[in-house]
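Quick note: numbers below take in every heavy atom, side chains included, and nothing from hydrogens, waters or symmetry partners.
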Amino acid sequence: MDAQHSLFDGPFLRDEGIAAAERDRTLVVQAVDKAVEVVAAGDDPFTAEDVRAYLGRYVRDSEDVSKVIGGRIRAAATRGQIYARGETVTAKRPGAHARRMLVWYRKRDVLEVLA
């Protein structure tokens, strides 16, 4: 049976809840960043579904993970690690309801040739 809290425990419990959510959110963001890095390291183009497939079940089943994946892919594009050519494919995951998804490519290292 849970212990009954006093009226004065509210701020403490609120702060504990916020801290736990932030901790979980930080771990989800780190996991998604790592998944983007690994998937983008390959030679094949990829979509957000490929990133999702690389994630573990705990992260993949998180409530807002689709938004995190999209945001972290955009962040990687902003950093210049990946880019899109405007190509789209139909999502295969049933929960995505056949929406269109951008195809992403890894930025290749450019070698400068001095003559």
Side-chain angles (χ1 to χ4, degrees):
M1 185 171 185
D2 292 332
Q4 188 168 351
H5 298 285
S6 76
L7 293 175
F8 302 105
D9 290 341
F12 171 75
L13 294 173
R14 177 204 59 215
D15 294 344
E16 285 294 308
I18 290 171
E22 288 299 320
R23 214 172 22 255
D24 287 350
R25 183 68 149 186
T26 299
L27 293 175
V28 168
V29 168
Q30 289 173 350
V32 171
D33 280 348
K34 189 59 165 175
V36 170
E37 179 184 322
V38 169
V39 172
D43 289 331
D44 297 327
F46 66 95
T47 67
E49 283 188 330
D50 298 315
V51 174
R52 178 186 286 272
Y54 187 80
L55 295 170
R57 189 182 70 194
Y58 170 77
V59 175
R60 189 175 50 240
D61 295 342
S62 298
E63 190 172 315
D64 288 337
V65 74
S66 294
K67 293 176 187 172
V68 175
I69 292 170
R72 299 317 296 165
I73 286 176
R74 291 282 182 190
T78 300
R79 289 191 303 270
Q81 296 171 323
I82 60 175
Y83 66 98
R85 298 177 185 166
E87 302 167 43
T88 61
V89 295
T90 303
K92 296 178 183 99
R93 192 171 50 85
H97 305 291
R99 75 173 149 254
R100 303 300 293 173
M101 302 178 73
L102 274 174
V103 177
W104 295 93
Y105 294 86
R106 171 178 64 140
K107 275 269 176 99
R108 304 280 184 214
D109 294 330
V110 177
L111 297 176
E112 184 176 336
V113 179
L114 299 175

Query - Smallest separation among heavy atoms of Trp104 and Ala77, with atom names - result: CZ3-CB, 3.6 Å
Query raised in the report: How far apart are the C-alpha atoms of Arg106 and Gln81, what are their side-chain angles, what is the distance that settles it, and do they pass the side chain to side chain contact (heavy atoms under 4.5 Å, CB included) test?
Result: CA-CA 6 Å; Arg106 171 178 64 140; Gln81 296 171 323; over 6 Å; no
Report task. Report yes or no: do Arg99 and Thr90 form a side-chain donor-acceptor pair below 3.5 Å? Result -> no
Report task. Take Thr47 and Arg52, measure what side-chain hydrogen bond (donor to acceptor under 3.5 Å, both in side chains) needs, and give me the verdict at the end. Result -> CA-CA 9 Å; Thr47 67; Arg52 178 186 286 272; over 6 Å; no
Report task. Among Asp44, Val89, Asp50, Thr88, find the one that has a side-chain contact (heavy atoms from CB on, under 4.5 Å) with Val103. Result -> Val89
Report task. Show the numbers, then the answer: is there a side chain to side chain contact (heavy atoms under 4.5 Å, CB included) between Val59 and Val68? Result -> CA-CA 10 Å; Val59 175; Val68 175; over 6 Å; no
Query raised in the report: For the hydrophobic clusters of this structure (ILVMFWY residues joined by side-chain heavy atoms under 4.5 Å, transitively), does one cluster hold both Val38 and Tyr105?
Result: no
Query raised in the report: Applying the 4.5 Å side-chain criterion to the ILVMFWY set and letting contacts propagate, would Leu102 and Tyr83 be lumped into a single cluster?
Result: no
Report task. Give the cluster check for Val65 versus Val29: same hydrophobic cluster or not, with ILVMFWY residues linked at side-chain heavy-atom distances below 4.5 Å. Result -> yes
Report summary line: In short, Ala48 meets Met101 closest at the heavy-atom pair CB-CE, 3.5 Å
Query raised in the report: Atom CG in Leu55, atom CD1 in Ile69: separation rounded to 0.5 Å?
Result: 5.0 Å
**Report entry** Exceeds 12 heavy-atom contacts within 6.0 angstrom, atom CZ of Arg74
**Finding:** no
Query raised in the report: Checking side chain to side chain contact (heavy atoms under 4.5 Å, CB included) for the pair Phe46/Ile82: CA distance, chi angles, key distance, verdict?
Result: CA-CA 10 Å; Phe46 66 95; Ile82 60 175; 3.9 Å; yes
Query - Taking every non-hydrogen atom, the tightest pair across Arg60 and Ala53 - result: NH1-O, 4.0 Å
Report summary line: Correct closest heavy-atom pair for Arg93 and Ser66 would be NH2-OG, 4.2 Å
Report summary line: Minimal heavy-atom distance between Lys107 and Gly80, with the atoms involved, is CG-O, 3.0 Å
Query raised in the report: In terms of side-chain heavy atoms, does Glu37 have a donor or acceptor partner in Tyr54 at a distance below 3.5 Å?
Result: no
**Report entry** Crowding at CZ, Arg57 (>12 non-hydrogen neighbours, <6.0 Å)
**Finding:** no
